Visitor: 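Starting off with a structure, shown below.
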Amino acid sequence: MPGDIEQVTAQLTKLVRAKTGDAGARAHSLDSLPGHAGFSYSFILERSARDAAPAGKYVVRIAPPGVKISGPADIVRQARVMASLADTPVAVPPIIWYGDEAEFFERPYFVGGFVEGFKLSESTLPLAHLKRLARNGIATMAALHNVPWEPRRDAWGEPFALSEELKRLDYLLDRPTLDPAVVARAPELRERLRSSLPTAARIGCVHGDFQWSNVLFNQERVVALIDWEISLVGATLLDLGWICFFSDPASWVAATGAGVDPGRGSLLNADEIVEAYAEAAGFPVSIPEVRWFRAFAGYRFGVITCFNLMLHRRGKRHDPLWEETALSAPRMFEHGLELLG
């Protein structure tokens with residue numbers, strides 16, 4: 001199965017020769033990339049003719065072995081989603097090939113262009129410059145939400161209801177094995193969210209995990225949104241609530257640091273993010289609705305924290321970082337209730 005550099009190199013070389021028809025094409029210089037939804041590598045595609053295309057630096061992502069091909073593991077869907085945005089103002093990595101042919105990796109895969117860029121957390125630019133870039137990132141989110149979803153339903157699927165997402169989180173929360181001290185006021189927040197569910201939320205293309213670590217910049221531009229594993233058609237304010245949550249010190253205790261987003265979430269505070277979004281969106285933004293989605297984001301991440309902490313403590317999935325994050329979970333639920341008033 002994928003994971004061994006030499007094996008993947010051989011499989012990639014087989015793929016690029018099949019796709020290009022170039023018997024002399026080869027893949028080399030593989031380098032593992034971070035990610036939780038499969039195996040990802042950058043690599044160089046070398047062609048037998050100097051001016052042949054495609055050639056150069058690319059990325060391959062391969063679905064993880066032994067898991068159902070759905071949700072974050074649906075590599076082909078991710079490729080189709082990104083490809084569907086190629087003709088829009090939303091910057092995404094160019095998709096070169098994708099498929100599930102068994103002869104290459106025995107798992108679904110996609111090959112995309114390698115995008116040269118930096119994350120805000122990696123930059124040493126002055127704070128004022130970073131804030132300007134962050135506002136450009138929020139404008140890109142608004143551009144995504146303005147992309148018509150109906151012509152792209154073959155790639156994105158049908159709209160996903162907020163009520164269904166609440167039900168999915170019920171599956172994680174309603175477990176006797178969770179730590180009640182961490183769960184804290186989650187059930188109370190759940191009932192408040194359910195009883196005040198927005199009924200006329202604007203529907204569109206949603207990234208699903210819009211945070212600064214998933215936005216690549218180059219000079220003044222956003223050059224790529226990455227990691228589309230949980231993208232969906234749904235309430236567009238899901239993205240706005242999510243980035244606001246990670247940028248709001250009131251959702252975190254001091255021990256974990258305000259906004260543990262690895263992508264410098266505190267560059268813009270939640271109010272500045274909402275202001276930048278409203279300015280770029282071109283459609284009305286309801287502040288009471290935004291507060292609901294901010295509360296929902298805290299609830300969602302808090303429930304995910306409770307669940308992953310349980311898996312870690314029971315030896316199902318070793319990840320001690322959840323012990324630290326769990327210190328803030330009760331605060332996430334409390335602040336959600338505060339936002340709802």
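Keep in mind the model is a prediction, meaning the values are calculated, not measured. Numbers here are sequence positions counted from 1.
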Visitor: Given 3.5 Å as the limit, does a donor-acceptor pair link the side chain of Asp227 with the main chain of Asp209, or not?
Guide: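 Checked: no pair found.
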Visitor: Validate the cation-pi geometry between Arg107 and Phe104: distance from NZ or CZ to the six-membered ring centre under 6.0 Å, angle to the ring axis within 45°.
Guide: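 Verdict for Phe104: no cation-pi partner in Arg107.
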Visitor: For Pro330 versus Ala184, what's the shortest heavy-atom pair and its separation?
Guide: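 Distance-wise, the nearest heavy atoms are CB-CB, 3.8 Å.
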Visitor: Compute whether any side-chain donor of one residue and acceptor of the other, for Ser40 and Arg61, lie under 3.5 angstrom apart.
Guide: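 Yes, Arg61 and Ser40 have a side-chain donor paired with an acceptor closer than 3.5 Å.
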Visitor: Less than 4.5 Å apart, side chain to side chain, heavy atoms only: is that true for Val111 and Tyr98?
Guide: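 Result no, sub-4.5 Å side-chain heavy-atom pair not found.
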Visitor: Does a salt bridge link Glu165 with Arg168, judged by any charged N lying under 4.0 Å from a carboxylate O?
Guide: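 Arg168 and Glu165: salt-bridged.
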Visitor: Between Ile243 and Trp252, is there a shared hydrophobic cluster once you connect ILVMFWY residues whose side-chain heavy atoms come closer than 4.5 Å?
Guide: yes
Visitor: Give me each pair satisfying salt bridge (charged side-chain N to carboxylate O under 4.0 Å, His left out) with a member in residues 68-84, each pair once, sequence neighbours excluded.
Guide: none
Visitor: Got a salt bridge between Glu279 and Arg135, using NZ or NE/NH1/NH2 to carboxylate O under 4.0 Å?
Guide: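 Looking at Arg135 together with Glu279, the answer is yes, because their closest N to O distance falls below 4.0 Å.
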Visitor: If hydrophobic clusters are built by linking Ile, Leu, Val, Met, Phe, Trp and Tyr wherever their side-chain heavy atoms come under 4.5 Å apart, do Phe110 and Ile230 end up in the same one?
Guide: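 Phe110 does not cluster with Ile230.
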Visitor: Roughly how far apart are Lys131 NZ and Asn136 CG, rounded to 0.5 Å?
Guide: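 Taking NZ in Lys131 and CG in Asn136, the distance rounds to 13.5 Å.
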Visitor: Would you give the length of the straight line joining atom CZ of Arg132 to atom CG of Leu127, rounded to the nearest 0.5 angstrom?
Guide: 11.0 Å
Visitor: Minimum heavy-atom separation for Gly302 and Phe333, please, with both atom names.
Guide: C-CZ, 3.5 Å
Visitor: Between Val182 and Ala329, what is the shortest heavy-atom contact and its length?
Guide: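 In terms of heavy atoms, the two residues are closest at CG1-CB, 3.6 Å.
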Visitor: Under 6.0 Å from the CD atom of Gln219, do we count more than 12 heavy atoms belonging to anything else shown?
Guide: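 At most 12 heavy atoms, drawn from other residues, nucleotides or ligands, come within 6.0 Å of this atom.
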Visitor: Just how far is it from atom OH of Tyr41 to atom OG of Ser32, taken to the nearest 0.5 Å?
Guide: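 Reported value, rounded in 0.5 Å steps: 5.0 Å.
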Visitor: Treating Arg26 as the side-chain partner and Glu46 as the backbone partner, does any N or O pair qualify as donor plus acceptor under 3.5 Å?
Guide: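 Absent.
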Visitor: Could you tell me if the side chain of Asp100 sits less than 4.5 Å from the side chain of Phe105, heavy atoms only?
Guide: no
Visitor: Arg192 side chain to Gly341 main-chain N or O, any donor-acceptor pair under 3.5 Å?
Guide: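 Checked: pair present.
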Visitor: Heavy atoms only: give me the nearest Ala278-Val285 pair and the separation to one decimal.
Guide: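 Closest heavy-atom pair between Ala278 and Val285: CA-CG2, 4.0 Å.
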Visitor: Could you list the residues that satisfy side-chain hydrogen bond (donor to acceptor under 3.5 Å, both in side chains) with Arg313, not counting sequence neighbours?
Guide: Asp179, Glu323
Visitor: Against Ile273, only a single residue in Val290, Ile138, Leu267 fulfils side-chain contact (heavy atoms from CB on, under 4.5 Å); can you say which?
Guide: Ile138
Visitor: Between Arg294 (side chain only) and Cys244 (backbone N and O only), is there a donor and an acceptor less than 3.5 Å apart?
Guide: no
Visitor: When rounded to the nearest 0.5 angstrom, what is the spacing between CG in Leu232 and CH2 in Trp149?
Guide: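 Here the rounded value is 11.5 Å.
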Visitor: Which residues pass the side-chain hydrogen bond (donor to acceptor under 3.5 Å, both in side chains) test with Asp170, not counting sequence neighbours?
Guide: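 Residues passing side-chain hydrogen bond (donor to acceptor under 3.5 Å, both in side chains) with Asp170: Arg190, Arg194.
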Visitor: Just do the salt bridge (charged side-chain N to carboxylate O under 4.0 Å, His left out) check on Lys167 and Glu164 with the steps written out, would you?
Guide: CA-CA 5 Å; Lys167 288 180 185 176; Glu164 291 302 310; 3.4 Å; yes
Visitor: What class does the angle between the rings of Phe296 and Tyr299 fall in, given that below 30° is parallel, 30 to 60° is tilted and above 60° is perpendicular?
Guide: tilted
Visitor: Any side-chain hydrogen bond (donor to acceptor under 3.5 Å, both in side chains) pairs touching residues 82-96, not counting sequence neighbours?
Guide: Ser84-Trp156, Asp87-Arg152
Visitor: Can you name the nearest heavy-atom pair linking Ala73 to Ala63, along with the distance?
Guide: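 Closest heavy-atom pair between Ala73 and Ala63: O-CB, 3.7 Å.
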Visitor: Looking at residues at least two apart in the chain, or sitting in another chain, which of them share a side-chain contact (heavy atoms from CB on, under 4.5 Å) with Glu103?
Guide: Lys14, Glu101
Visitor: Evaluate the side-chain proximity of Val147 to Val90: yes if any heavy-atom separation is below 4.5 Å, no if none is.
Guide: yes
Visitor: Decide if atom CD of Glu6 counts as having more than 12 heavy atoms of other residues, nucleotides or ligands within a radius under 6.0 Å.
Guide: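 It does not: Glu6 CD has 12 such atoms or fewer within range.
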Visitor: Indicate yes or no for a side-chain donor-acceptor contact from Trp292 to the backbone of Leu193 under 3.5 Å, with no hydrogens or angles considered.
Guide: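 Yes, Trp292 side chain to Leu193 backbone: donor-acceptor pair under 3.5 Å.
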Visitor: Do the rings of Phe301 and Trp242 sit parallel, tilted or perpendicular, given the 30° and 60° boundaries?
Guide: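 Judged by the thresholds at 30° and 60°, the geometry between Phe301 and Trp242 is perpendicular.
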Visitor: Indicate whether the side chain of Trp212 and that of Ser121 have a donor and an acceptor atom separated by less than 3.5 Å.
Guide: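 Note: Trp212 and Ser121 side chains miss the donor-acceptor criterion.
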Visitor: Check whether Ser328 reaches the backbone of Val253 with its side chain - one donor and one acceptor, N or O, closer than 3.5 Å.
Guide: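 Yes.
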Visitor: If you look only at pairs with a residue in residues 329-341, which of them pass as a side-chain hydrogen bond (donor to acceptor under 3.5 Å, both in side chains), with sequence neighbours excluded?
Guide: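 Checked against side-chain hydrogen bond (donor to acceptor under 3.5 Å, both in side chains) - neighbours excluded - the pairs reaching residues 329-341 are Asp248-His335, Arg331-Glu334, Arg331-Glu338, His335-Glu338.
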Visitor: Phe246, Met332: one ILVMFWY side-chain cluster at the under-4.5 Å cut-off?
Guide: yes
Visitor: Honestly curious: do Leu178 and Val303 fall in one hydrophobic cluster under the side-chain, below-4.5 Å linking rule?
Guide: yes
Visitor: For Val115 versus Pro94, what's the shortest heavy-atom pair and its separation?
Guide: CG2-CD, 4.4 Å
Visitor: Atom CE of Met141 and atom SG of Cys205: how far apart are they, to the nearest 0.5 Å?
Guide: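 Nearest 0.5 Å value for the CE-SG distance: 14.0 Å.
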Visitor: If hydrophobic clusters are built by linking Ile, Leu, Val, Met, Phe, Trp and Tyr wherever their side-chain heavy atoms come under 4.5 Å apart, do Val223 and Leu130 end up in the same one?
Guide: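 Per the 4.5 Å side-chain linkage, Val223 and Leu130 are not co-clustered.
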Visitor: Got Leu166 and Leu162 here, is their nearest side-chain heavy-atom distance under 4.5 Å?
Guide: no
Visitor: Side chain of Glu324, backbone of Leu321: donor and acceptor closer than 3.5 Å?
Guide: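 Flag not set: sc Glu324 to bb Leu321 has no pair under 3.5 Å.
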Visitor: Any side-chain heavy-atom pair from Ile203 and Thr236 closer than 4.5 angstrom?
Guide: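 Not in contact.
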Visitor: For the pair His207 (side chain) and Ser231 (backbone), establish whether a donor and an acceptor sit closer than 3.5 Å, ignoring hydrogens and angles.
Guide: no
Visitor: Given the rule in the salt bridge (charged side-chain N to carboxylate O under 4.0 Å, His left out) test, do Glu289 and Arg202 qualify, once you have shown the distances and angles that lead to the verdict?
Guide: CA-CA 10 Å; Glu289 262 197 6; Arg202 191 175 188 274; over 6 Å; no
Visitor: Report yes if some heavy atom in the side chain of Leu340 is under 4.5 Å from a heavy atom in the side chain of Leu189; otherwise report no.
Guide: yes
Visitor: Quick one: sort the Phe283 and Tyr277 rings into parallel, tilted or perpendicular, breaks at 30° and 60°.
Guide: perpendicular
Visitor: Is any side-chain heavy atom of Leu125 less than 4.5 Å from a side-chain heavy atom of Leu133?
Guide: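 Result yes, sub-4.5 Å side-chain heavy-atom pair found.
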Visitor: If you count heavy atoms of other groups shown closer than 6.0 angstrom to CZ of Arg317, is the number above 12?
Guide: no
Visitor: How about Phe210 and Trp228: are their ring centroids closer than 6.0 Å?
Guide: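 Distance test on ring centres: not under 6.0 Å, no.
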Visitor: Does the side chain of Arg47 reach to within under 4.5 Å of the side chain of Leu45, using non-hydrogen atoms?
Guide: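 Of all side-chain heavy-atom pairs linking Leu45 with Arg47, at least one is under 4.5 Å.
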Visitor: Any donor and acceptor pair, going by atom type alone, linking the side chain of Tyr58 with main-chain N or O of Ala55 inside 3.5 Å?
Guide: yes
Visitor: Any chance you could measure Leu85, atom CG, to Leu144, atom CG, to the nearest 0.5 Å?
Guide: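 Going from CG on Leu85 over to CG on Leu144, the span is 6.5 Å.
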